[in-house]
Amino acid sequence: MNVLIINAGSSSLKYQLMNPETGDVEAKGLCERINIDGRLTHKVGDKKYVKDIPMPTHAEAITAVLDILVDPVEGVIKSTDEIDAVGHRVLHGGMKFSDSCIIDDTVIKAIEDCIPLGPLHNPANLMGIRACQKIMPNTPQVAVFDTAFHMTMPPKAYRYAIPTEYFENDDIRRYGFHGTSHKYIARRAAALMGTKDFKLINCHLGNGSSLSAVMNGKCVDTSMGLSPLAGVPMGTRCGDIDACVVQFICNKYGMSVDECLTMLNKKSGVLGMSGVSSDFRDLEEGKNNGNADCAMALDKFYYEVAKYVGAYAAAMNGVDVITFTAGVGENDCATRKAICEYLGFMGVKIDDEKNQIRGEEMKISTEDSSVQVWVIPTNEELMIAQDTAELVKAAK
Ligand code: ADP
């Protein structure tokens with residue numbers, strides 16, 4: 001079986017052609033500068049092809065992807081009939097979607113209804129879906145939502161302590177994101193433990209970061225909120241912040257709320273605190289060269305992640321397994337070590353040698369650690385491909 005995975009942004013579109021059974025990626029690539037001019041970067045194994053192709057809309061981008069996938073030299077399949085299904089990453093499923101689903105008119109309408117909650121991403125995701133429907137009308141399409149895994153949270157975790165009318169009338173609540181990654185790690189951890197019955201805290205630490213508390217395979221809390229701005233500080237996002245900061249800055253600097261939020265989303269986090277970079281490699285280099293702002297930004301990050309782990313251990317009345325994933329979680333030994341040092345009070349001990357691992361699955365806790373600590377590389381695309389394949393097979 002071949003699943004085409006599509007992640008459509010407003011001016012870009014990432015794709016992968018994947019076998020959901022083996023996880024083998026046959027080809028992958030990126031369309032950029034949609035609406036502007038259009039460029040396709042296509043990769044098959046070690047080979048890379050870059051082409052300028054006009055892409056006035058997402059439809060031309062999808063056509064370019066399908067053309068190159070069937071190209072006799074650059075492609076990997078003979079005909080688009082070999083694509084059995086398309087899996088679309090969709091940012092916000094609001095309260096309407098607690099799982100992935102096959103796309104029909106009702107689903108499209110529901111994704112449209114969620115636009116106020118995901119104003120930047122949902123319209124772009126819809127453009128990707130509509131373009132595929134137009135060009136491949138007989139191929140089943142599946143929507144996989146970034147929020148769906150978190151829909152098992154209880155009200156005490158997802159409600160904000162603001163008047164109920166905003167929840168009832170406007171669906172304002174915590175949703176959480178990176179759900180596809182958290183779901184993949186929860187499943188992988190369950191496979192490693194040989195059971196689902198354990199308490200897991202997953203730390204997805206990348207450019208965007210979020211943590212999830214997972215009990216018996218179900219999410220019970222997560223750090224991002226109505227939007228991905230909440231939770232721990234990130235590459236460029238501030239994480240949790242007192243709402244009065246927005247009022248203060250807007251009043252003092254004559255900024256609009258939108259401008260202030262752009263600053264909190266794009267210029268804050270470890271980039272804002274260090275004034276150097278959002279990339280942890282640069283921050284560590286800065287810290288090692290004596291830059292106090294880089295050291296401060298890293299300290300703040302370690303501290304806030306550790307605080308969330310402590311909070312989730314309290315929320316679940318214990319924790320059995322802590323997992324690290326995504327760019328920082330998979331590769332950054334110094335960050336994992338610093339976070340785990342805070343958790344020594346609950347018996348977390350890591351093996352410094354094992355902690356040197358980068359980008360590979362490995363248990364990094366010692367045998368006498370009271371909590372198992374693992375590095376597990378995430379694979380959101382595989383999760384999307386597997387959900388898509390499962391739904392399409394079940395519908396046949
Ligand atoms: P995104 O949220 O964009 O998916 P990723 O999960 O790919 O981000 O994480 C990207 C981040 O991972 C980079 O900004 C960088 O800070 C971090 N990173 C990647 N490799 C390393 C490494 N070897 N050491 C430290 N940090 C790393």
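Numbering of residues begins at 1 and proceeds along the displayed sequence. All ligand and atom numbering here is 1-based and tracks the order in the structure.
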Under 3.5 Å: N/O of L205 near N/O of ligand 1: no

Check: A326 N/O within less than 3.5 Å of ligand 1 N/O: no

Atom pair CD1 (I103) and CD1 (I129), whose distance is rounded to the nearest 0.5 Å: 3.5 Å

Min heavy-atom dist G208 to ligand 1 below 4.0 Å: yes

Among E380, R281, E284, closest by any non-hydrogen atom to atom 24 (N) of ligand 1: R281

Shortest reach to atom 18 (N) of ligand 1 by a heavy atom, considering only G359, G329, G327: G327

Those residues that, when tested against K199, pass salt bridge (charged side-chain N to carboxylate O under 4.0 Å, His left out) (two or more places apart): none

Straight-line distance of D299 CG to L283 CG, nearest 0.5 Å: 11.5 Å

Under 4.0 Å to a heavy atom of D279 - the qualifying atoms of ligand 1, by number: 13 (C), 14 (O), 15 (C), 16 (O)

cation_pi(R173, Y158) dist<6.0 Å, angle<=45: yes

R188 charged N/C atom sitting above Y184 aromatic ring, 6.0 Å / 45°: no

Separation between OG1 of T180 and CD1 of I185, rounded to the nearest 0.5 Å: 11.5 Å

Heteroatom distance test (N207, ligand 1): nitrogen or oxygen, under 3.5 angstrom: yes

Within 6.0 Å of CD in E353, more than 12 heavy atoms from elsewhere: no

Those atoms of ligand 1 less than 4.0 Å from some heavy atom in V328: 12 (O), 16 (O), 17 (C)

Protein heavy atom under 4.0 Å of atom 4 (O) of ligand 1: no

